[in-house]
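As structure tokens, the structure follows; a few thoughts come after it.
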Amino acid sequence: MFDLKIINARIVTASDTFEAELGILAGRIEAVSRGTLGDAKETIDAMGRYVLPGGIDTHTHLDMPFGGTVSADDFYTGTVAAACGGTTTIIDFAMQGKGESLSSAVERWKAKAQDKAVVDYGFHVAITECTDAVIEELGTLAGLGVTSVKLFMAYKGALMVSDEILYRVMQRASGTGVLTMVHAENGDVIDHLSRRLQGEGKLEPKYHAASRPSILEGEATGRALALAYAASKAPLFVVHLTCREALDELTKAQRRGQPAFAETCPQYLLLTSERYDEADFGGAKYVMSPPLREKADCEALWSALFSGAIHTVGSDHCPFNFRGQKTLGKDNFALIPNGAPGIETRLPLMFSEGPRRGRISLNRFVEVVSTAPAKLFGLYPRKGAIAPGSDADIVILEPKSTQTLSAKTLHQNVDYCPYEGMEIAGRVRTVLSRGTPIVKHGRFIGKRGTGQFVERRPFDISIA
Ligand code: URP
Ligand code: ZN
Ligand code: ZN
């Protein structure tokens with residue numbers, strides 16, 4: 001007897017689309033059958049809907065001190081929003097504090113998530129102060145189930161690290177099964193441009209974008225990839241890639257045969273720099289790093305998602321309220337906390353604007369929002385798959401419905417939505433987390449604290 005079965009399911013995975021019944025037992029998928037399964041305590045009829053592996057968002061910043069404030073979603077509100085948007089696993093960034101060990105950062109972040117998260121979670125560590133001891137400690141991270149680290153090439157004076165550190169971390173991390181991720185922008189020149197613009201009295205939100213031109217992202221992306229190549233071809237994952245210059249560097253590295261991976265985000269696929277001209281300080285809503293780019297960049301990113309040059313779509317969910325947080329920079333763009341919300345809209349936007357608009361296939365959509373993140377970040381096939389033995393993290397999506405995105409109806413704990421008023425195709429109806437329904441008829445019905453920390457396996461190029 002199954003605990004739950006899903007009948008009339010049109011299952012969509014990264015490789016196939018087929019009709020089947022799913023049997024779930026003790027939180028796992030027990031059977032995937034093209035015939036009729038035996039009895040279950042509960043049955044969900046998915047007629048007319050798509051059944052997908054739960055979304056995996058490998059780029060979130062919950063309860064994170066940043067830019068003189070703290071991101072507005074904690075692990076409860078942020079994961080409720082994730083669940084309502086079809087995401088059943090997140091990987092959040094544990095930020096190393098000054099003088100802190102990596103394991104202590106992981107413990108601090110675990111304490112933030114425990115008793116709050118409603119979906120499963122893992123962590124990357126963002127290395128902000130890299131000593132010899134930290135380089136040494138990298139060898140123990142995989143043993144904690146934390147198999148990726150992020151380095152910042154931007155945010156000079158706060159988070160930015162040197163090329164030497166980039167090289168040494170890449171070299172050491174790759175030898176210990178840890179994937180290095182980079183925020184690739186040239187922080188030195190951005191810092192100079194930012195100060196110059198402020199000195200000229202150019203203080204509105206649009207000057208945030210002016211201080212971070214795309215060529216500086218291209219330069220840093222190429223530099224990081226060159227350093228990774230020099231570091232014995234260490235695998236490198238470029239987060240939030242936004243522009244053609246960076247894409248050129250990425251594809252060049254891929255052509256020379258190095259393991260180079262990249263993520264983009266819905267905001268870089270769908271929004272452009274005109275947003276910075278929104279009246280009444282509205283441009284501040286889009287102050288994020290890197291900034292929004294041009295339409296031609298969006299098109300290039302869609303092509304790269306289609307071709308496989310870009311592997312995943314993360315949200316970079318880093319929410320700050322417009323009132324009270326973004327307004328910290330009312331008189332100076334450099335004081336606007338960098339980041340925007342997107343944990344809840346990531347998967348629905350990608351469904352609506354990807355396969356529904358013919359930009360990528362349905363299977364590729366599943367791949368970029370779930371399966372590829374699982375493979376690259378050591379979760380596959382436990383997560384990111386619909387197969388016997390996998391966790392029953394499942395999303396049932398109604399393709400024919402539409403919805404209008406609005407901060408008023410989303411669950412993200414933030415007072416604006418970058419896509420306010422946008423009508424999108426499809427709705428997440430039901431979400432299971434390890435077999436337990438946490439979203440039903442589009443409403444959150446789960447319980448605080450039921451999400452579990454997931455230990456991730458070491459990075460494995462044969463799976464990625
Ligand atoms: O503006 C952004 N992206 N804020 C979050 C931190 C980061 O750089 O990912
Ligand atoms: Zn970043
Ligand atoms: Zn980020």
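Sequence positions, counted from 1, serve as the residue numbers for this chain. It should be emphasised that the depicted structure is a prediction, and the values quoted were computed from it without experimental measurement.
When all heavy atoms of Ala300 and Leu247 are compared, the pair lying nearest together is O-CD1, 3.4 Å. Considering every non-hydrogen atom in both His311 and Val368, the closest pair reads O-CG1, 3.7 Å.
If you check the side chains of Asn338 and Ser289, you find a donor sitting under 3.5 Å from an acceptor.
A donor-acceptor pair is defined here as one N or O able to donate and one able to accept, closer than 3.5 Å; such a pair exists between the side chain of Thr79 and the backbone of Val118. Although no hydrogens or angles enter the test, the distance criterion places no donor-acceptor pair under 3.5 Å between the side chain of Arg10 and the main chain of Ala46. A side-chain donor-acceptor contact under 3.5 Å links Arg346 to the backbone of Val369. Of the possible donor and acceptor atoms, none in the side chain of Ser232 sits under 3.5 Å from a partner among the backbone N and O of Ala234. Between the side chain of Glu21 and the main chain of Leu37, a donor-acceptor pair closer than 3.5 Å is present. Although no hydrogens or angles enter the test, the distance criterion places no donor-acceptor pair under 3.5 Å between the side chain of Asp248 and the main chain of Glu245.
A salt bridge is defined here as a Lys NZ or Arg NE, NH1 or NH2 lying under 4.0 Å from an Asp or Glu carboxylate O, and Arg28 with Asp391 meets this definition.
You'll find the ring centres of Phe237 and Phe261 outside the 6.0 Å limit.
At most 12 non-hydrogen atoms from other residues, nucleotides or ligands lie less than 6.0 angstrom from NZ of Lys440. More than 12 heavy atoms of other residues, nucleotides or ligands sit less than 6.0 Å from atom CZ of Phe66.
Cation-pi geometry between Lys116 and Tyr76 is not met at under 6.0 angstrom from the ring centre and within 45 degrees of the axis.
Residue Cys243 holds its SG atom at 9.0 Å from CD of Glu185, rounded to the nearest 0.5 Å.
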**Item:** side chain to side chain donor-acceptor pair (under 3.5 Å) assessment of Thr242 paired with Asp297
**Value:** CA-CA 7 Å; Thr242 74; Asp297 294 296; over 6 Å; no

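Looking at Gln412, His317, His411 one by one, the single match for side-chain hydrogen bond (donor to acceptor under 3.5 Å, both in side chains) with Asp73 turns out to be His317.
Ring geometry for His61 versus Phe93: interplanar angle under 30°, hence parallel rather than tilted (30 to 60°).
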